Amino acid sequence: MMLERYGHGGDLITAAETYGYAKAQFIDFSSNMNPWGSPSCVEKILTDTWQELVHYPDPAVRKLRQTISEFYHVPIECILVGNGAAELIDLTIRAIDPKVTALARPCFSEYEEAISKINRKIFDIYLNEEHQFELQESDIQYAANHCDLFFLGHPNNPTGRLISQSVLQLLLNTNQIVVLDEAFMDFVPEENQVSLMNQAYVNKNLFVIRSMTKFFAIPGIRLGFMIAHPEWIERVKSLQVQWSVNAMAQSIGTSVLQDYPFIEKTKNWLIQERLWFTHQLSNLGLKVYPSDTNYLLIQLPPFNDVKQLQEKLAQRGVLVRDASLFKGLNSAFCRIAIRLREQNERFISEIRQVLI
Ligand SMILES: Cc1ncc(COP(=O)(O)O)c(C=O)c1O
C-alpha cells in the first residue's frame, strides 16, 4: 500500500493500517508540521468556546482579519481567510482562470490539481539539481513567453528553497500574474525581508497565499489566508462557499498569532536544528539540499531506492515522504521534516540501519 495514497504525506491512518502500529506510535517526518505541536491556547479555546458552535461563524471573518492585518501590517480589505491554503490555491486558480500556468517542478501537487479541475494547461519549468533546485532567471525569461500565470512555492515544496530576490524582481517585471504560495514562509528566519506579502496588496499582478496550519500545527482545523489587491480579494471571495472558515478556526487563528513566545521558540529551534540535522545526515553519505525552511530534500546514496527505504523505516515506526512522487524527481529522493532533537536522533539511528 502506498503511504501517499491520497497524494500527500502525514496519512497516519494508511500507515497504521499497513504496518500494524497505532497512529500515535509513528514518528512522522512525512508531513512538515511544527514538532512543538500547537500553542497551548488551542486546547483552551476548544474547551472554553464549544458552546459558540450553536451560532454560524462570522462570514466576514472580521476579528481574525483584523489580527492578521495588525500582525503583518497589511490593510484588512486585502485579506481573505480560507479553509486552509489548499482552498485558496483552488479559488485563486478559478478566479484568475489562466490559459497556461507555469509550475516549477518539483512542486506541491495541489497546484496541478486546481489547474486540471478547470481544464487549463501547464507549462513545466524543471528545476535543476545542479542549481540545487533554485529557480533561475533564465527559467523565467523562457517561461514568460509561454504562460500567463506563474504559480510558485516560496519557499518551494519539496525543495525547501526560497526564490532569490533577483528572480522575484524579474517575475514581477514580466507583466504576467504571479501567485506565490508562502505556506512555509513563517518558518523562514528572514521572513520579514523576503516575503512579498507587503507588495501583494498594491500590485494587481501579485497574490500571496499563506497557511497557518504548519507553523501552528493545526492542520486538522484548516486555516490559511491570502493577500491581494482588494479587487481580486472580492473576486476570489465571490467564488468561496459561505462560512467556509469555521468558528473554532477563526478563534484559534486570532489567538495563536498573539503567542509570541511560541513563535520565538519555533524560529530559534529551527535555526539550530536544521544545521545539526543537515550535518548528521550528510555524515551518513546522504546529499542534503540547502533548505530555507522546516524540511529537507535529501538524495539517497547509490543503490538505495526511496520506496524500499520508506517501507523499511515505516516498519520501524518512522514515516518519510517518497519524493519520487513529485514530477521532476526520481527514486533517489526523499523529503523529511525537521523535528525535535530526540526525534531527529532516532531518525539518524534508524536510517543508518536501513541504508544500503
Ligand atoms: C506548499 C504547500 N502549500 C499549501 C499547503 C496546504 O496547506 P493548508 O493546510 O493550509 O491547506 C501545503 C500542505 O501540505 C503545502 O505543502
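Counting starts at 1 for both ligands and their atoms, in listed order. Numbers here are sequence positions counted from 1. Computed from a predicted model, the values in this text were never measured in an experiment.
Under a 4.0 Å heavy-atom criterion, G84 is in contact with ligand 1.
Neither the backbone nor the side chain of E110 has a heavy atom within less than 4.0 Å of ligand 1.
Interface atoms of ligand 1 facing A86, defined by a heavy-atom separation under 4.0 Å, are 6 (C), 8 (P), 11 (O). The distance from ligand 1 to the heavy atoms of R222 drops below 4.0 Å at these ligand atoms: 8 (P), 9 (O), 11 (O). Close approach of ligand 1 to D181 is summarised as follows: ligand atoms under 4.0 Å from at least one heavy atom of the residue are 1 (C), 2 (C), 3 (N), 4 (C). Every atom of ligand 1 is numbered from 1 in the order shown, and the set under 4.0 Å from a heavy atom of A183 is 2 (C), 3 (N), 4 (C).
Checked by distance only, ligand 1 and A85 come closer than 3.5 Å through their nitrogen or oxygen atoms. Ligand 1 has a nitrogen or oxygen under 3.5 angstrom from a nitrogen or oxygen of N157.
Close placement of the F207 and W232 rings is indicated, their centers lying within 6.0 Å of each other. In summary, the aromatic rings of F108 and H8 are positioned with their centroids under 6.0 Å apart.
Salt-bridge check for K63 with D58: failed, with every basic side-chain N at 4.0 Å or more from each acidic carboxylate O. Salt bridge absent: R339 and E345 never bring a charged side-chain N and a carboxylate O closer than 4.0 Å. In this structure, K117 does not pair ionically with E113, as no charged nitrogen and carboxylate oxygen lie closer than 4.0 Å.
Of all protein heavy atoms, the one closest to atom 14 (O) of ligand 1 is K214 NZ, 2.9 Å.
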